[in-house]
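All values below were derived from every heavy atom in this structure, side-chain atoms included, with hydrogens, water molecules and symmetry-related copies excluded.
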Amino acid sequence: MNAERAPRTRRPRGAAESLATIVLGFESIVAFLAGLVIYGLRALPAPIEPWWGVVAGALLALLMIATTRVVRYRWGIVLGWVLQGIIALGAFLVPALAIVAVIFGAMYGYATIKGAALDRRNARLAANPPS
């Protein structure tokens with residue numbers, strides 16, 4: 001039986017969700033590379049094996065990728081901010097990560113704040129179309 005299936009309609013995504021997904025997706029690559037830097041510089045304290053830097057970077061990258069699926073919810077946006085904070089804490093091990101934290105934190109902030117403002121504006125325009 002080869003029944004015709006109706007094409008699936010995509011769920012409409014708001015600007016905040018789209019922009020936050022893009023920022024977290026690209027930042028996941030940087031998080032993994034930061035783990036490699038922590039490993040290569042042996043920046044972890046003495047009792048911790050250096051390879052844990054790679055594990056931490058890979059785990060953080062996977063968490064960021066997983067978070068891209070839930071940024072449509074308020075708690076997903078908050079989880080993204082928590083991940084931004086974890087990146088910022090990496091600056092204690094490698095000070096150059098502070099630059100990464102500031103840049104991606106600013107981009108994530110812009111994506112979530114300005115994206116939410118665009119979503120509110122679009123909802124208002126959809127409810128009251130201009131005459």
Applying ring pair (Phe, Tyr, Trp, His ring centres under 6.0 Å) to Trp51 and not counting sequence neighbours gives none

Closest heavy-atom pair, Thr112 versus Gly109, reported as atoms and distance to 0.1 Å, is OG1-O, 3.2 Å

In this structure, CE of Met64 is separated from CD1 of Ile86 (nearest 0.5 Å) by 8.0 Å

Between the CD1 atom in Ile87 and the CG atom in Leu97, the distance rounded to the nearest 0.5 Å is 7.0 Å

Scan the side chains in residues 24-40 for donor-acceptor partners under 3.5 Å anywhere in the protein, sequence neighbours excluded, and list what turns up.
| from | atom 1 | to | atom 2 | distance (Å) |
| --- | --- | --- | --- | --- |
| Glu27 | OE1 | Gln84 | NE2 | 2.6 |
| Ser28 | OG | Gly25 | O | 2.5 |

Just checking Leu125: does its CG atom have more than 12 heavy atoms from other residues, nucleotides or ligands closer to it than 6.0 angstrom? yes

Practice prompt. Find out if a path of hydrophobic residues (ILVMFWY) with successive side-chain heavy-atom gaps under 4.5 Å connects Ile103 to Ile113.
Written response: no

Nearest heavy-atom approach of Ala16 to Asp119 is N-OD2, 3.3 Å

In short, side-chain hydrogen bond (donor to acceptor under 3.5 Å, both in side chains) pairs touching residues 92-107 with sequence neighbours left out are none

Gly53 and Leu44 have their tightest heavy-atom pair at N-CD1, 3.6 Å

Taking every heavy atom of Gly115 against every heavy atom of Leu19, the minimum-distance pair comes out as CA-CD1, 4.4 Å

(Q) In this structure, would Val82 and Leu62 fall into the same cluster of hydrophobic residues linked by side-chain contacts under 4.5 Å? (A) no

- Query: Where do Ile77 and Tyr108 land on the side-chain contact (heavy atoms from CB on, under 4.5 Å) test, with the steps shown first?
  - Reply: CA-CA 9 Å; Ile77 297 290; Tyr108 190 75; 4.0 Å; yes

Contacts satisfying side-chain hydrogen bond (donor to acceptor under 3.5 Å, both in side chains) that involve residues 89-105 (not counting sequence neighbours) are none

Review point. Are Met107 and Val102 connected, step by step, through hydrophobic side chains (Ile, Leu, Val, Met, Phe, Trp, Tyr) whose heavy atoms are closer than 4.5 Å?
Key: no

Exercise. Do the side chains of Val23 and Leu118 join up, straight or via other hydrophobic residues, at under 4.5 Å, putting them in one cluster?
Worked result: no

For Tyr110, the hydrophobic cluster (side chain heavy atoms closer than 4.5 Å, chained through members) also holds none

**Request:** Count the heavy atoms of every other residue, nucleotide or ligand shown that sit under 6.0 Å from CH2 of Trp52, and state whether that count exceeds 12.
**Result:** no

Hydrophobic cluster identity match, Leu89 and Val78, side-chain contacts under 4.5 Å:
no

Only distances under 3.5 Å count here; give the side-chain donor-acceptor pairs of residues 66-73 to other protein atoms, sequence neighbours excluded, each with its distance to 0.1 Å.
| from | atom 1 | to | atom 2 | distance (Å) |
| --- | --- | --- | --- | --- |
| Thr67 | OG1 | Leu63 | O | 2.6 |
| Thr68 | OG1 | Ile65 | O | 2.5 |

